[in-house]
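Below, chains carry the letters A, B, ... as their sequence lines are ordered, and counting in each starts from 1. All heavy atoms count here, side chains included; hydrogens, waters and symmetry mates do not.
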Amino acid sequence: MARGAWELPQALERGVADLFPAGQAEGAAADADQQLAARLAEAERDGRPLRVKLGIDPTGSDIHLGHSILFRKLRAFQDAGHTAVLIIGDFTARIGDPTGKSATRVQLSAEAVEANAATYLQQLGQGQDPQRALLDFSTPGRLEVRRNSEWLSGLDLPQVIELLGISTVGQMLAKEDFANRYGSGTPISLHEFLYPFLQGYDSVAIRSDLELGGTDQKFNVAMGRDLQRHFGQRPQFGMLLPILPGLDGVQKMSKSLANTVGLSEDPLSMYSKLEKVPDAVVEEYLTLLTDLELAQLPANPRERQKAMALAVTRQRHGAEAALQAQADAATLVGGASGSGAADAEVPEASLAAVNFPAKAFYLLSAVGICASSSEARRQIQGGGVKLDGEKLADPNHEFADAAALQGKVLQLGKKTFRRLVAG
RNA sequence: GGGUCGGUGCCCGAGUGGUUAAUGGGGGCGGACUGUAAAUCCGCUGGCUCUGCCUACGUUGGUUCAAAUCCAACCCGGCCCA
C-alpha cells in the first residue's frame with residue numbers, strides 16, 4: 001500500500017494493511033462516512049474524539065509482540081487525541097473466536113477469563129508511567145475499558161434471533177475459516193457462528209467509529225458495520241494490521257506455536273530472540289514494532305536485525321537495559337566461549353528444590369532448565385550442556401552439595417542460561 | 001434417529017496377535033558450519049536421581065501364555081440418509 005494512500009498522519013498510517021471503506025480522495029466533498037481522513041477532520045472540527053475500538057479475548061495469560069502491534073496502533077490514536085475503547089471480551093472468550101482456528105476452541109471458565117483479563121491490563125500498562133506503558137491509562141478521556149458481558153450477557157433470545165437474522169448461512173460459509181473447516185470435514189459447532197455477531201454487536205454497544213484488528217478480522221469487523229447499520233448507527237471504519245509472523249518467520253506469532261516474544265519477558269531473552277529472527281521478516285518487524293525510520297538504518301541485514309531487536313527491547317525496558325541486553329547477548333552467544341558468561345546478567349535458578357547428592361541429569365530437570373530428567377540426560381549426551389563454559393559430558397556425574405554449584409552458570413544450547421543460587 | 005467409515009506418540013501417518021516405546025515424514029531440541037540465522041550435514045525426540053523400573057495406541061471391560069492389533073459396550077468425529 002503506497003504511503004499517503006489514505007492521507008492519514010504517518011503515525012496512524014504506518015503498517016496498515018487494509019482500511020475500509022476507503023472512498024476516493026478526489027471528487028466531491030470529502031465524505032466522512034467513506035473516508036477516514038474526512039472523519040478525522042470532522043472530529044477535529046467538532047471537538048469530538050473518535051471512538052476507536054479494539055477487542056481482546058482474555059484467553060491466555062501473556063500478551064506477546066504479535067498482539068502489541070494492535071495496541072501500538074491504538075496508542076497512536078490515543079496520542080492523536082482520540083478515545084481508545086478497549087473491550088475485554090470476557091463473554092466472547094467463553095465462546096472462542098473461530099477465526100484462524102482449525103478446531104473448536106476450548107471454552108473457558110468465568111474465573112479463568114477474569115484472571116486473564118487482570119494480567120492483560122497489567123501488561124498493557126495499567127498503573128504505569130504512560131511513557132513506558134503500551135497504552136495511556138492516565139490521560140483523562142483517552143481510554144475506556146469495557147467488558148462485553150456488560151451488554152452481551154443481557155441479550156435475550158428474541159434479540160439473539162434478531163442478530164442472527166442479519167446474515168445468512170451462505171455468508172457464514174463464505175468466511176474462509178468456516179469454508180476450510182467445512183470443506184475438509186472438520187467439525188464446526190453452531191455456537192461458533194454466533195461469534196462474529198457478538199463481536200459485531202460490541203461495535204453497536206460502544207458506538208465505535210473505527211475498529212482495529214488483524215487482517216484475519218475483516219469478516220468480524222465488517223459484521224460490525226452491518227450490525228451498526230441495522231441498528232441505525234453510522235458504520236465504523238475498519239483498520240486492519242498485518243498478522244505478525246512469529247520467530248520462525250513463517251507462521252503467525254502464537255503462543256501455541258511457541259514462536260512468540262512476550263511483552264513482559266526479560267531484556268536478555270527478548271533481545272536475543274529478536275536479533276535472530278529470519279531476515280525475511282526483519283523489515284516487517286521494523287515497520288510494525290518500532291518507530292524507526294527505515295531509510296536511515298544501515299543496509300547490512302545483520303545491523304538492521306540488531307537495530308530492530310534493540311529498539312523493541314528499549315520500548316519495554318528502557319535504553320539502558322536494552323543496551324545491556326545487547327552486550328550480554330554478544331558475550332553469551334557470540335561467545336569468548338564461556339569465560340564471559342559468568343559475568344553477564346543471567347536469570348537465576350534456585351537450588352532449593354534440589355536434593356543432594358544430585359546427578360547431572362537430575363540437576364538439569366530439578367532446576368527447571370530441562371522439561372524432564374530424561375530430556376536432560378539426552379541433552380547432556382548430545383553435548384549441549386555446559387557448566388561455567390565447560391562441557392558436561394557425563395549425565396551421571398554427581399554433585400555432592402549446593403556449595404559446589406553455587407554461583408556457577410549452567411548453559412543449555414546457545415541461548416539458555418541459568419545462574420545457580422542456593423535456595 | 002438409521003447406515004457407514006474412523007479415533008495411534010507435539011502434528012501427520014504406518015502398523016491387524018508375539019523379539020521393540022511402536023516404521024516413516026513434519027515440527028522441536030542439541031552438535032558442526034555461518035552474519036546469531038537460513039541452507040547443508042550429524043545426533044536426539046514418553047517418564048523416572050536410570051545399567052533397571054514404570055506409563056502409553058479414544059474409554060471401560062473381556063478373550064488369550066501374549067493385544068495398538070480379536071470381542072463387547074460406551075464416548076467422540078466425518079460422510080450418506082432422515
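Not one side-chain nitrogen or oxygen of K391(A) sits closer than 4.0 Å to the OP1 or OP2 atom of G31(B).
Taken from CG in L70(A) to CD1 in I243(A), the straight-line distance is 7.5 Å, to the nearest 0.5 Å. Within the model, atoms OG of S68(A) and CG of L263(A) stand 5.5 Å from one another, a figure rounded to the nearest 0.5 Å.
Partner assigned to C79(B) is G3(B), using Watson-Crick or G-U wobble distances below 3.5 angstrom. Within the shown strands, G62(B) is the pairing partner of C70(B) under the Watson-Crick or G-U definition, both distances less than 3.5 Å. Both distances falling under 3.5 Å, in either a Watson-Crick or a G-U wobble arrangement, occur for no nucleotide opposite G17(B). The pairing partner recorded for U49(B) is none, the criterion being a Watson-Crick or G-U wobble arrangement whose two distances lie under 3.5 angstrom. Both distances falling under 3.5 Å, in either a Watson-Crick or a G-U wobble arrangement, occur for no nucleotide opposite U34(B).
Straight-line distance from the CD atom of Q251(A) to the C1' atom of G26(B): 11 Å, rounded to whole Å. To the nearest angstrom, P of C29(B) lies 19 Å from CD1 of I380(A). If you take CD of Q305(A) and C1' of G35(B), they are 8 Å apart, rounded to a whole angstrom. If you take NZ of K273(A) and C1' of G28(B), they are 14 Å apart, rounded to a whole angstrom. Protein atom CG of N259(A) is 16 Å distant from nucleotide atom C1' of G26(B), rounded to whole Å. In this structure, CD of E275(A) is placed 15 Å from C1' of A38(B), rounded to the nearest angstrom. Taking atom NZ of residue K306(A) and atom C1' of nucleotide G35(B), one finds them 9 Å apart after rounding to whole Å. Distance CD (Q379(A)) to C1' (G31(B)): 10 Å, rounded to an integer number of Å.
One P atom belongs to U16(B), the other to G6(B), and the distance between them is 13 Å to the nearest Å. Taking atom P in both G25(B) and C44(B), one finds a spacing of 12 Å when rounded to whole Å. Rounded to whole Å, the P atom of C80(B) lies 27 Å from the corresponding atom of C11(B). Across the C1' atoms, G18(B) and A66(B) are found 6 Å apart, a figure rounded to whole Å. Of the P atoms belonging to G15(B) and G9(B), the separation is 16 Å, rounded to the nearest Å. Rounded to whole Å, the C1' atom of C74(B) lies 32 Å from the corresponding atom of U20(B). Comparing the C1' positions of U69(B) and G58(B) gives a spacing of 15 Å, expressed to the nearest Å. Comparing the same atom, P, in A72(B) and in G78(B) gives a spacing of 24 Å after rounding to whole Å.
Judged by distance alone, with hydrogens and angles left aside, D279(A) brings a side-chain donor or acceptor within reach of the base of G35(B), the pair sitting under 3.5 Å.
Put simply, the residue from H317(A), E265(A), K276(A), K306(A) that forms a side chain to side chain contact (heavy atoms under 4.5 Å, CB included) with Y271(A) is K306(A).
For CD of E176(A), the number of neighbouring non-hydrogen atoms (other residues, nucleotides, ligands) closer than 6.0 Å is 12 at most.
The aromatic rings of Y201(A) and F231(A) sit perpendicular to each other, their planes meeting at more than 60°, with 30° as the lower class boundary.
Mapping D248(A) and P301(A) onto RNA chain B via the closest heavy atom, the residue that lands nearer the 5' end is D248(A).
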Legend entry - Test ring-ring contact (aromatic ring centres under 6.0 Å, His included) applied to H191(A) and F193(A), step by step: CA-CA 5 Å; H191(A) 74 267; F193(A) 276 169; 10.0 Å; no
Inset, instruction - For side-chain contact (heavy atoms from CB on, under 4.5 Å), just list the numbers for V409(A) and K386(A), CA-CA rounded to whole Å, side-chain angles, deciding distance to a tenth of an Å, and then say yes or no. - result: CA-CA 8 Å; V409(A) 172; K386(A) 292 180 182 172; over 6 Å; no
Inset, instruction - Treat primed atoms plus P, OP1 and OP2 as sugar-phosphate and everything else as base, then score nucleotides 45-55 of chain B 5' to 3': B for base contact with protein heavy atoms under 4.0 Å, S for sugar-phosphate contact only, - for none. - result: S-BBBB-----
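Using a 4.5 Å cut-off on side-chain heavy atoms (C-beta onward), I87(A) and I56(A) make no contact.
Electrostatic pairing of R72(A) and D291(A) counts as a salt bridge here, judged by a charged N lying under 4.0 Å from a carboxylate O.
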